[in-house]
Amino acid sequence: GTFARIEGGGILGFHRAGVDVGPGSQVSLQGVMVGPGDGVGLKVRTRGQATLDGCSLSSDAGSVEIEGDARAQLSHCRLMDSRFAGLLALEHSQAVLESCDIGAHACAGVHVLAGANVVLRQCRLTGNAGFGVSIMDRGLATMEGCLVQANGGTGLLIHHGATVQARNCTFSEGRSLGVDCSEGGQGVLDACEISGNAGAGVQVEAGGSLLLVRCTLKEGRDTGLLLLEDSQVTLEECVVHRNARGGILLAREAADPILRGGNRIEDGFLRVDGGGNLVRVAPL
């Protein structure tokens, strides 16, 4: 492997690829601008490692792509403006992002696949045309103090057996769902705010399992919490209020959520009956 270090206000322009970290190599970038161009801004190949501080990456094919068994750590970076994703974490890769701005991507701000492990701390994922954060295929994501706002797709998608832990995060003002837990996904949201989304604040689909602790689901233009058939949801000390369509909406065969520890469900419970009508019900 090789090691390279670049510092101090440099600009790396490129045509097909920006910074390409080869297998087993290490690269450290500080205060560097990469792009614009039509390739990937930073590609970290198998067993490679990259550390970026105060860098800006803008490219057509995505800002950062991490291959299997590779690692990347980004602090105070800007990942902006591509036709794909700000960060693409491929199978069994690892990434830690702290205080990064990720926006204006067509697919997702962060897209995690196939057993990859991504940690986001104090990051801002705003204005992406697609998802804010999408976790797929048994991927794992940990989020702390992140702002996921004004994205075109779902703010946080937990899909295909993925697992997410989010604490002190905000999922707001999206043009779709705030959080969607689907198809075997599971997650824990602790002290999170889900507000002002066009779709349901939180949707849990068949096979999904979600624990909400001290969360606030408010001011959505649809339902605060939507539970579909064969989903499992537990709420502890949560507040659900001022959602336009109601607090908690249960599909016809959906089970009631488990309620613990003094929740405030001010918008009430609704259920879809056999005729497809919304009926206000008391929780079991």
Side-chain angles (χ1 to χ4, degrees), residues 119-121 125 131-135 139-149 151 154-174 176-251 254-271 281-284:
V119 177
L120 305 172
R121 300 190 185 104
L125 301 103
F131 304 112
V133 181
S134 53
I135 318 297
L140 174 64
T142 302
M143 303 175 64
E144 172 73 35
C146 294
L147 173 64
V148 182
Q149 188 174 65
N151 297 287
T154 297
L156 171 61
L157 175 65
I158 309 169
H159 198 34
H160 280 174
T163 300
V164 171
Q165 294 184 340
R167 187 171 184 271
N168 290 327
C169 294
T170 298
F171 304 93
S172 66
E173 306 301 330
S176 183
L177 305 167
V179 176
D180 186 10
C181 183
S182 69
E183 297 188 33
Q186 57 184 342
V188 178
L189 275 60
D190 183 1
C192 293
E193 178 183 301
I194 302 99
S195 63
N197 296 285
V202 175
Q203 175 175 285
V204 186
E205 301 184 38
S209 176
L210 201 60
L211 169 61
L212 304 174
V213 181
R214 296 185 298 277
C215 292
T216 301
L217 288 66
K218 67 177 184 177
E219 298 171 356
R221 286 171 276 170
D222 200 277
T223 306
L225 172 63
L226 173 59
L227 306 186
L228 302 182
E229 185 176 355
D230 297 325
S231 63
Q232 298 180 359
V233 179
T234 300
L235 283 76
E236 296 185 6
E237 301 179 27
C238 293
V239 176
V240 184
H241 65 161
R242 298 199 297 272
N243 296 284
R245 199 180 177 202
I248 298 178
L249 175 59
L250 309 173
D256 277 34
I258 297 171
L259 303 178
R260 298 176 180 163
N263 296 280
R264 289 171 47 204
I265 316 296
E266 296 180 359
D267 301 329
F269 284 75
L270 302 170
R271 183 180 292 278
V281 298
L284 297 178

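This is a predicted model, so every value here is computed, not measured.
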May I have the step-by-step check of side-chain contact (heavy atoms from CB on, under 4.5 Å) for V179 and V164, ending in yes or no?
CA-CA 11 Å; V179 176; V164 171; over 6 Å; no
Give the C-alpha distance, both sets of side-chain angles, the deciding distance and a yes or no for side-chain contact (heavy atoms from CB on, under 4.5 Å) between H159 and D180.
CA-CA 8 Å; H159 198 34; D180 186 10; over 6 Å; no
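- With a 4.5 Å cut-off on side-chain heavy atoms, E236 and L211 count as touching.
- Remark: Q165 CD is loosely packed, at most 12 non-hydrogen atoms of other residues, nucleotides or ligands lying under 6.0 Å away.
- The nearest pair of heavy atoms linking V239 to H241 is CG1-CD2, 3.8 Å.
- The only option from L217, L210, N168 that meets the side chain to side chain contact (heavy atoms under 4.5 Å, CB included) definition with L189 turns out to be L210.
- C192 contributes atom SG, which lies 8.5 Å from atom CG of L212 (distance to the nearest 0.5 angstrom).
- Checked by atom type and distance alone, the side chain of N243 pairs as donor or acceptor with a backbone atom of G220 at under 3.5 Å.
- Residues I265 and I248 meet the side-chain proximity criterion, which asks for heavy atoms closer than 4.5 Å.
- The distance from the CZ atom of F171 to the CG atom of L147 is 9.5 Å, given to the nearest 0.5 Å.
- Residues D256 and R271 form a side-chain contact, since some pair of their non-hydrogen atoms from C-beta on lies under 4.5 Å apart.
- Interatomic distance, M143 CE to D190 CG, rounded to the nearest 0.5 Å: 13.5 Å.
- Atom CG of L125 sits about 11.0 Å away from atom CD of Q149, to the nearest 0.5 Å.
- In this structure, CD in E219 is found 7.5 Å from CD in E193, a value given to the nearest 0.5 Å.
- For the atom pair CG of L227 and CD of E205, the computed distance is 11.5 Å after rounding to the nearest 0.5 Å.
- Of all the heavy atoms in G145 and C169, the pair that sits closest is N-SG, 3.7 Å.
- The minimum heavy-atom distance between C215 and A191, with the atom names listed, is SG-N, 4.0 Å.
- Closest heavy-atom contact between P257 and L235: CB-CD1, 3.9 Å.
- Taking each heavy atom of E173 and N197 in turn, the nearest pair found is N-OD1, 3.5 Å.
- Side-chain atoms of T223 and L270, non-hydrogen and from C-beta on, never get closer than 4.5 Å to each other.
- Using a 4.5 Å cut-off on side-chain heavy atoms (C-beta onward), L226 and L177 make no contact.
- In this structure, the side chain of D222 does not engage the main chain of R245 through any donor-acceptor pair within 3.5 Å.
- Closest heavy-atom contact between G174 and R221: O-NH2, 3.6 Å.
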